[in-house]
Amino acid sequence: MSLLKKIESIQKEFKAELSSATKDSSKISDLYNKYLSRKGIVSDLFSQLSNVDPKDKPIVGQKINALRNDFEASFDKLGTAKLSNKNISNLDFSLPGNHFFEGSIHPITRVINDISDIFKSIGFSVTSGNEIEDDFYNFEALNIPKHHPARDMQDTYYLNNEKLLRTHTSASQIHFMEENEPPIKIISPGRVYRNEDISVRSYCLFHQIEGLYVDKKVSFSDLKGVMEFFSKKYFGENVKVRFRPSYFPFTEPSAEMDIYWGLESESDYRITKGTGWLEILGCGMVDPEVFKSVKYDSSLKGYAFGIGIERIAMLKYGITDIRLLYEGDIRFLRQF
Ligand code: DAH
């Protein structure tokens with residue numbers, strides 16, 4: 001029988017055997033071995049290729065290749081191709097498998113992403129600033145001159161006489177305004193640093209999301225509306241918020257926004273210092289002095305805000321020690 005005929009009859013035989021093996025899965029691996037193992041029928045066909053007339057070799061070779069591909073595809077469909085040398089009936093499917101842990105999104109990143117999505121949905125673009133700044137961007141241009149008491153509010157890490165680690169994301173407002181013309185509608189999330197005593201509630205670095213909106217007509221009620229919109233989207237429609245007058249050198253008037261957290265448990269008392277309210281952001285109308293320092297027209301109006309991320313992450317995920325967020329302990333991170 002010529003090799004071509006043989007190939008045809010093997011193909012037919014295989015089809016018949018395969019259809020009976022699919023009814024009895026214990027036969028599948030035998031069938032695989034019979035046709036596709038190193039000493040199987042297909043490999044035997046390849047070894048007979050050397051006896052074929054050289055001019056027919058390419059055709060016959062192609063046929064055998066096609067046959068092998070066809071067989072492999074049939075086994076692939078059954079999901080058994082990889083079982084070549086194992087006997088499927090010896091596998092115990094009730095044994096536990098190897099467990100591979102998937103990575104997860106860090107809670108800080110998750111909060112930043114979720115909040116950014118809310119602001120993006122109402123037209124804010126996301127930018128980023130620099131973690132290393134100088135006195136001008138972190139203080140001076142934000143209307144915090146040298147010897148201003150507000151500098152004491154933020155204990156700064158200086159890298160040398162000129163450079164420092166930014167103490168707030170507000171520094172990125174200045175860069176953005178220097179590089180872009182109004183109108184401006186941005187948020188700028190990032191890491192900030194302060195030389196604070198490390199405890200369950202404070203750490204030497206943390207994260208903020210800065211927001212800035214500048215245009216011809218912007219009012220404090222626009223700011224309130226947007227902050228309320230954000231709070232409802234993030235904490236739920238029923239969230240209660242309140243604005244308290246506050247002071248920041250770069251905004252006038254300035255406010256802080258609290259959300260009502262409740263007083264149901266002992267920890268609610270502790271977190272909210274017995275008031276039920278929790279401060280989550282600072283905000284206000286951009287001070288004209290800030291526009292001056294970036295050479296903007298003083299008739300412009302704008303609002304700005306700075307949201308503290310760690311506090312929100314701790315509330316949202318019930319994290320009681322801020323340090324857990326930075327230690328990279330896999331037992332903690334796996335829960336997210
Ligand atoms: N930079 C302030 C801080 O770190 C937060 C802040 C308050 C940012 C008011 C603002 C703002 O943009 O308008 O405490």
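One-based numbering, in listed order, for ligands and for the atoms of each.
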query: Under 3.5 Å, side chain of Asn65 to main-chain N/O of Gln62, donor-acceptor pair present?
result: no

query: Looking at ligand 1, does Glu256 have a heavy atom less than 4.0 Å from it?
result: no

message: Take a 6.0 Å sphere around CD1 of Ile105 and say whether it holds more than 12 heavy atoms from other residues, nucleotides or ligands.
response: no

- prompt: What part of Met257 sits under 4.0 Å from ligand 1 if we count only heavy atoms: the side chain, the backbone, both or neither?
  reply: neither

field: Contacting atoms of ligand 1, where contact means under 4.0 angstrom from a heavy atom of Thr251
entry: 13 (O)

- request: Look only at interatomic distance and state if Thr167 has a nitrogen or oxygen under 3.5 Å from any nitrogen or oxygen of ligand 1.
  value: no

query: Which atoms of ligand 1 are found less than 4.0 Å from any heavy atom of Phe248?
result: 7 (C), 9 (C)

- line: Contacts satisfying salt bridge (Lys or Arg N to Asp or Glu O under 4.0 Å) that involve residues 163-185 (not counting sequence neighbours) are none

query: Any side-chain heavy-atom pair from Asn113 and Arg110 closer than 4.5 angstrom?
result: no

task: Output yes when the distance from some N or O of ligand 1 to some N or O of Ala304 is under 3.5 Å, and no in every other case.
output: yes

field: Spatial distance of atom OH (Tyr213) from atom CG (Asp215) [nearest 0.5 Å]
entry: 4.5 Å

- prompt: How many angstroms lie between atom CD1 of Ile122 and atom CZ of Phe124, to the nearest 0.5 angstrom?
  reply: 5.0 Å

task: Report yes or no: does Glu252 have a heavy atom closer than 4.0 Å to ligand 1?
output: no

message: With a 4.0 Å cut-off on heavy atoms, is Phe250 in contact with ligand 1?
response: yes

Glu264 atom CD, over 12 foreign heavy atoms within 6.0 Å: no

statement: Here the atoms of ligand 1 under 4.0 Å from any heavy atom belonging to Gln173 are 12 (O)

- line: When rounded to the nearest 0.5 Å, the distance separating CG of Asn160 from CG of Asp134 is 10.0 Å

task: Heavy-atom contacts with His168 under 4.0 Å: which atoms of ligand 1 show up? List them by number with element.
output: 1 (N), 4 (O)

message: Distance under 4.0 Å to a non-hydrogen atom of Gly284: what atoms of ligand 1 satisfy this?
response: 13 (O)

message: Show me which atoms of ligand 1 lie under 4.0 Å from any heavy atom of Gln208.
response: 3 (C), 4 (O)

